[in-house]
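Remarks on the structure that follows.
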Amino acid sequence: MPQDFVPYEVVPGEYSKGLILLCDHARNTIPQPYGTLGLPACELERHIAYDIGAEMVMRGLAAELGVPAIMATFSRLLIDPNRGEDDPTLIRQLYDGTIIPGNYPLSEAERKRRRDGFYRPYHEQVRRMIDDFLAQDIIPAVIAVHSMTDRWNGLARPWQLSVLWDSDPRLAGPLLKAFRELPGVTVGDNEPYDGALAGDTMHQHCTSRGLSHALIEIRQDLVREEKDAAQWVKTLAPIIEKVSALPHNHVMLHHGSRTDR
Ligand SMILES: [Zn+2]
């Protein structure tokens with residue numbers, strides 16, 4: 001593993017706004033010596049490698065709102081930061097019909113190398129930023145930005161925008177309400193996935209610490225181009241600013257996880 005590869009990037013911002021943005025699947029970068037994990041280069045342009053457009057949306061929101069953000073800088077094909085360490089899909093050998101040769105077979109030593117070299121440093125950085133907020137007596141709300149494919153198993157997804165959440169409604173509830181008021185936008189509530197996933201990023205950092213949080217999914221065909229992503233930033237930023245500022249989002253409240261029940 002190259003010593004100069006940093007598995008995360010921090011976008012600086014004002015802590016006083018009480019909001020942290022995260023982007024787990026920002027990049028399709030596979031650092032050396034992994035090559036392309038044995039895949040043809042075109043596979044790395046697909047959603048299996050990263051969330052298309054999510055980094056542009058996250059950067060746009062961070063700039064517009066003046067808040068800090070952290071993104072993982074490695075492809076989820078190497079190791080998926082939005083999974084628990086013991087999740088069977090942490091390092092995928094098969095994803096959406098594509099076999100990932102560099103992940104099969106995978107030795108225990110290699111699994112550990114990726115966990116310690118990429119996954120854990122990213123999560124430690126997230127933890128550090130939350131700790132920094134708390135040290136300044138600011139309880140942050142956290143929003144993770146993802147993008148979803150426009151089709152799955154041959155079917156078009158009807159939602160332009162989705163909010164995924166587990167059991168803490170403080171951020172998700174008002175976001176859903178505001179998003180549903182956007183003209184012509186079909187909003188998914190825990191679609192196309194359920195936001196309750198043990199060990200994922202929201203669970204590790206927010207559910208476990210009682211921080212208000214939500215995960216936003218935007219359909220990738222809507223944010224693939226920079227100008228379109230910028231338009232969504234303009235639409236979402238004022239809503240996120242207003243909702244995240246609600247005082248109830250800056251209190252530690254342990255709602256637990258539905259995965260514990
Ligand atoms: Zn994602």
Side-chain angles (χ1 to χ4, degrees), residues 7-9 11 20-30 37 39 43-62 69-85 87-98 100 103 114 118-119 122-123 125-126 142-153 157 159-166 171-172 175 179 187-207 213-224 228-229 232-233 236 240 259:
Y8 54 82
E9 183 179 329
V11 177
I20 298 173
L21 299 175
L22 299 178
C23 197
D24 294 323
H25 300 145
R27 303 263 176 93
N28 58 356
T29 306
I30 298 174
L37 290 172
L39 291 166
E43 291 283 355
L44 301 183
E45 300 304 320
R46 294 181 62 213
H47 75 94
I48 59 171
Y50 73 127
D51 282 1
I52 293 163
E55 178 178 350
M56 286 192 287
V57 174
M58 186 219 68
R59 280 187 186 280
L61 288 171
I70 307 172
M71 71 191 100
T73 52
F74 53 91
S75 170
R76 68 164 150 223
L77 290 175
L78 194 68
I79 186 165
D80 191 337
N82 194 31
R83 291 291 183 276
E85 287 194 0
D87 192 289
T89 62
L90 179 69
I91 300 174
R92 290 185 195 252
Q93 299 178 328
L94 177 70
Y95 194 4
D96 193 17
T98 297
I100 299 122
N103 292 352
R114 294 191 198 179
F118 300 93
Y119 180 98
Y122 168 66
H123 284 291
Q125 176 56 44
V126 175
V142 181
I143 292 181
V145 179
H146 290 254
S147 73
M148 56 182 155
T149 57
D150 44 318
R151 305 184 74 80
W152 192 255
N153 285 336
R157 281 179 166 156
W159 319 280
Q160 285 94 341
L161 192 60
S162 278
V163 179
L164 273 56
W165 58 294
D166 182 347
L171 207 47
L175 282 177
F179 290 166
V187 181
D189 179 355
N190 271 333
E191 299 281 4
Y193 319 103
D194 188 342
L197 179 62
D200 72 1
T201 297
M202 295 288 94
H203 187 261
Q204 279 192 45
H205 298 287
C206 303
T207 304
H213 61 280
L215 186 156
I216 295 175
E217 294 263 10
I218 306 180
R219 220 172 58 199
Q220 66 183 33
D221 58 310
L222 306 176
V223 291
R224 188 183 289 277
D228 297 333
W232 277 95
V233 167
L236 299 179
I240 289 173
T259 63

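Each ligand, and each atom within it, is numbered from 1 in the order the structure gives. If you're wondering where the values come from, they're calculated on a predicted model, not measured in any experiment.
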Atom pair [atom1] ([X]) and [atom2] ([Y]), whose distance is rounded to the nearest 0.5 Å:
{"X": "Ile79", "Y": "Leu90", "atom1": "CD1", "atom2": "CG", "value": "4.0 Å"}
{"X": "Leu44", "Y": "Ile30", "atom1": "CG", "atom2": "CD1", "value": "4.5 Å"}
{"X": "Thr149", "Y": "Arg46", "atom1": "OG1", "atom2": "CZ", "value": "9.5 Å"}

Discussion item. Could you work out, with side-chain hydrogen bond (donor to acceptor under 3.5 Å, both in side chains) as the rule, every residue matching Gln93, not counting sequence neighbours?
Written reply: none
Discussion item. Within less than 2.8 Å, report the number of protein N/O/S atoms around the Zn ion (ligand 1).
Written reply: 3
Worksheet item: Is a donor on one side and an acceptor on the other found under 3.5 Å between the side chain of Ser147 and the backbone of Ile52?
Response: yes
Worksheet entry | Matching residue for Arg83 among Thr201, Asp24, Thr89 - test: side-chain hydrogen bond (donor to acceptor under 3.5 Å, both in side chains) | Thr89
